[in-house]
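Heads up: the structure comes next, in structure tokens.
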Amino acid sequence: MARKAKSTKPAGATSKAPKKRLHSELENDDPNQQQTILPPEPCTPTKQTGGRSGAEVEYSAKKTRKRTSAPTTAPALRSPGLLSRSSHANTLSSRGLPPKAQKIIRENEADHQVENMLCANIPEILQQARPHDGARSELAIATSEYICADLEWRISKGPNQRVLRLRKRAKGKQPDTATSTTNDDSKLAALLSSMGIAAANESSAELEGKLAAEFSEFQPWVFLSASSGKQNERQSYPWIQHFHLYIAHLIRHYLGSVQYGENPATASPRLLLPYKRTDTKYKGSDDDTRADIGLVSRSVGANVAMVDGSAYYNEVFAVTEVKASSGPPRAASTADSGIDTSQLDGDTKQAFKQLFLYSRQVFAEQPDRRFMWGITICDNHIRACVLTSSGALASHEMDITTAKGRCDYIRLLVNWCLCDWHQLGFDPSVRYCEGERGNGHWEIDVPQMATGDAGMESAGSRYETQTYTITGACVAADHLFGRHTRCFVATPKQSTGNQGKVLIKDSWSYLGRHQVQERSGELGEIAFLTKINQMVDEHPEFAGTVPRLEDGGIVRLDVNGQLAIDSVETVLGDLCRHLPKHSSDYAYTHVRLAMTPVGMRLREVRSVAELVVVISDALQAHKAVLDHCQILHRDISENNIMFTRSGNNIHGMLIDFDNAVDANAARNRSGPVCTGTLPFMSVNNLRKAKVARTAVDDMESVLYLLIWLGVWGITTEHREQTRGKDRRVVNWSMDVETAIDSKCYTMSSKSNLNILLNEFYTPPVSKLGSTPQAQAERKSVIKEYNSLKQIIQKMRKAIFDNPNVPDNARGAEIKPSNDPSMPALNEGSIDDAVDEWALHLKGTSGTGNKQKPVDSFEERADPEVARRIHGDVVRLLKACADLIRSMS
């Protein structure tokens, strides 16, 4: 990117209101009171590798700009800041990655997403913003036609002496008093009059002066041609900014008094204004990426000027990525509709890549964002893009140098100014309510439990919601595609009886559009929790070890007076056919749950002893859920095990069944599935092995989790001291192949595991001092971590070298069958051995009959083997936890 230009604030520029902070963290005056925090969404390697976890990110509830509820003023196209994330520019991420490594992973992920999650050249995508209401749709058409006519009239005058004259006037001389008499606004005026709408109290000469000044600034853009030569990216920034200001002037003049009703989300049109700062790092970003141009919403009566001050991800409506091509401007592409990205040129791909990087930040900072719009501009070519949980769809190229291209883009901008709130990607069921003395709060509507089968809503069930007041936010949806999980701590707005704090989980579940079975989430987390809660009622000893569902269901929206299920299919309609192949039968559906009890993050344990107790309780819950409900969790991670504290008593809790699956159905699955959180995923999961996922995969995840915590530190204080260190477990976060190689090598022998255990956290002497008491504390901490090492070695043996299972199910590598010609593996040289096996199986090494080697990982997927290993691991941890509790 080019260097950021120094900006000065002109008179009349729109200024940013000072940011007001609410509570930084959930405050708990009573140390014995239970708290609730749920995990961020899981990461799948194909979509979410390298995404940041919420475990190391502090969120705060803050309000940075008020959203008015007055019917005469439209709300800003943003959500007042509820989440604030610490910058990671100079810190270690929660997955052990330094900023440079995280940047590489995110960029590789964005490249993968552009290639696999994007479909371009879809003109119909522009119609997604067309107002649903008939009157507003008619008004949008008439307004667009008038603006297009006005612009074409100005362009018809040519770029010669008129340009110079207008630019001189724009620098401070008298405004041009000539009116655009060639452009007749009678049709628009007649429509406005029939609707009882009066134009703004602004003279034609005054309006013309503003329009002429804006046109003089952006007209070089519309006159670009092959003879213009190679363009500079920064050169086009003011062209784009003033083009949007030109549109905003006309919207404000003609539609400034339009009102539709009492709903503030649709009360009046809105203006889309550009930030004055370009190529800048936005507030709220957790990396150093710099967005080119941002569009924000303001009331239709606001002053039309660039928005001065800092740019904020929590208020931006759409981000525009600008690219200058390597050659002169070209004609618009005529490729077929619905092309994949292999047919896009390199500049366009790079623009989408940058747009994807910015958009993930928007989802993280705006708690009410369901989907979002984005814009890419490569020289004279504009594309609009819709980014949903299931994938991204982009429009055709709109060539700003042609009348059709200009009019297409103008229609889109006008539609954005007039359409409903939900059409812009926002969630009307999550709203900010203004309070007295400028204090406000967020409210969220949670569907009440229906009486349908297994907790899911029946077809004829009545849709009712319970409103909750949000008191804090603990998880942001910081992945571009996927579940977009957000978690809030809230209390019922109309509290009755002993109702207290609940945890609200808002996510997009991967449900089958045609109810196809044998897939992740086939019943949905609501159905799973309903079944689990019934189990807890019959076995009260497990109470508190799993969440209890209080309310929950599929979110519905009011779409032009009709309730509709909020899903990607509702957003895109028939355009879902253009989504990536893996999303064609499965689309994300918006689900919201309210749960108790409230738990604390795993990193808030105070010692290794407490960690062992919490993990043991969670594993007992895992076994009970599998034995009694036949539900396999499939996403054991640092964020999915919580705990509650009451006095000196601590109890672990297994949460987040969004990735769970019916174990019986999973056992019959033959297709590859890859789910979970990358650093903690089992080898079979990473390899997409064509065997059923079993409890052994989850036990592997527990083992990797304990190693992870041991290396980086159990507590927040310990993690601060390991920040920036070079550790081998970083390989578990880099990519799938690296993670597989590292885990196979580490688990292949006790000595190889010891190499990793030797990197466990050790308290530095400088932190504790040299006093006898400090030395004793240091020795105590080292002793605790040594105890954890012993537990981990025993777990490795129970999983990979269990004497109670067949020989073929032991080990952490591909083992030879009884064929004597098969080459043997060399201890400590996994990569070379695997390469040797690959050559042998292809017939280029050895002389045998190419018999398939026995895979110990796949052998452990046998139901009986999995049952034995699962039981041994749970008993091991329970014995340790019982000993700890007996000594406390």
Side-chain angles (χ1 to χ4, degrees), residues 619 622-623 626-627 630 632-634 636 661 663-673 681-704 707 740-741 743-753 791-830 833-834 836-838 840-841 846 848-879:
L619 291 192
H622 181 278
K623 191 173 189 305
L626 183 59
D627 291 345
Q630 290 75 52
L632 184 63
H633 189 278
R634 299 201 312 169
I636 302 293
V661 71
N664 292 325
R667 189 170 297 123
N668 296 325
R669 188 191 300 116
S670 58
V673 174
M681 291 172 63
S682 70
V683 172
N684 269 349
N685 210 353
L686 289 167
R687 297 190 308 170
K688 297 185 179 180
K690 295 184 178 182
V691 293
R693 299 297 176 264
T694 68
V696 174
D697 294 283
D698 285 352
M699 296 304 100
E700 259 193 75
S701 295
V702 175
L703 177 58
Y704 302 141
I707 296 173
I740 292 172
D741 293 342
K743 289 177 178 179
C744 286
Y745 179 81
T746 300
M747 297 303 155
S748 61
S749 69
K750 180 179 179 180
S751 60
N752 287 350
L753 177 57
I791 294 174
I792 289 172
Q793 282 286 15
K794 291 181 179 179
M795 287 184 64
R796 190 207 72 85
K797 182 176 181 179
I799 297 173
F800 295 96
D801 280 328
N802 196 316
N804 298 322
V805 302
D807 290 343
N808 286 340
R810 301 179 197 173
E813 66 279 325
I814 300 176
K815 296 193 302 185
S817 67
N818 294 326
D819 177 12
S821 66
M822 302 291 277
L825 288 176
N826 299 319
E827 178 72 14
S829 183
I830 300 296
V834 172
E836 188 176 354
W837 275 110
H840 178 85
L841 295 177
N849 55 6
K850 302 183 184 63
Q851 185 175 352
K852 182 180 178 181
V854 176
D855 189 325
S856 58
F857 288 99
E858 294 188 359
E859 290 296 319
R860 283 190 287 272
D862 177 81
E864 181 59 25
V865 172
R867 185 188 65 80
R868 292 184 180 181
I869 294 176
H870 189 202
D872 287 348
V873 174
V874 172
R875 282 191 293 272
L876 169 63
L877 269 296
K878 186 177 185 302

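When every heavy atom of E858 is checked against every heavy atom of R687, the shortest pair comes out as CG-NH2, 3.9 Å. Contact record, A809 with V865: CB-CG1, 4.0 Å, taken as the closest heavy-atom pair. The nearest pair of heavy atoms linking M699 to V873 is SD-CG1, 3.7 Å. Y745 and N752 make their closest contact through O-ND2, 3.0 Å (heavy atoms, listed as atom of the first residue, atom of the second, distance). The minimum heavy-atom distance between A812 and S856, with the atom names listed, is N-OG, 3.9 Å.
D807 CG to E859 CD: the interatomic distance, rounded to the nearest 0.5 Å, is 11.0 Å. For the atom pair CZ (R634) and CG (N685), the distance works out to 7.5 Å, reported to the nearest 0.5 Å. Distance CG/D855 to CZ/R860: 8.5 Å, rounded to 0.5 Å. Here NZ of K690 is found 13.5 Å from CG of N684. Values are rounded to the nearest 0.5 Å. To the nearest 0.5 Å, the span separating CG on L686 from CG on D741 amounts to 10.5 Å.
A donor-acceptor pair is defined here as one N or O able to donate and one able to accept, closer than 3.5 Å; no such pair exists between the side chain of K623 and the backbone of A695.
Side-chain contact check for E700 versus I636: every heavy-atom pair is 4.5 Å or farther apart. The shortest distance between side-chain heavy atoms of M795 and V702 falls below 4.5 Å. You'll find the side chain of F857 stays beyond 4.5 Å of the side chain of I740, heavy atoms only. Residues I707 and L753 form a side-chain contact, since some pair of their non-hydrogen atoms from C-beta on lies under 4.5 Å apart.
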Task: Verdict with supporting geometry, V683 and Y704, side chain to side chain contact (heavy atoms under 4.5 Å, CB included) - done: CA-CA 11 Å; V683 172; Y704 302 141; 3.8 Å; yes
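Not counting sequence neighbours, the partners of H622 by the side-chain hydrogen bond (donor to acceptor under 3.5 Å, both in side chains) test are D698, H870. Partners of S682 by side-chain hydrogen bond (donor to acceptor under 3.5 Å, both in side chains), not counting sequence neighbours, listed by chain and number: D697. Under the side-chain hydrogen bond (donor to acceptor under 3.5 Å, both in side chains) criterion, Q793 pairs with N754, sequence neighbours left out. Remark: D801 pairs with R796, K797, R810 by the side-chain contact (heavy atoms from CB on, under 4.5 Å) rule, at least two apart or across chains. Residues satisfying the salt bridge (Lys or Arg N to Asp or Glu O under 4.0 Å) criterion with D862, sequence neighbours excluded, are absent altogether.
With I869 as the fixed residue, the side-chain contact (heavy atoms from CB on, under 4.5 Å) test singles out one of V805, N804, V874: V805.
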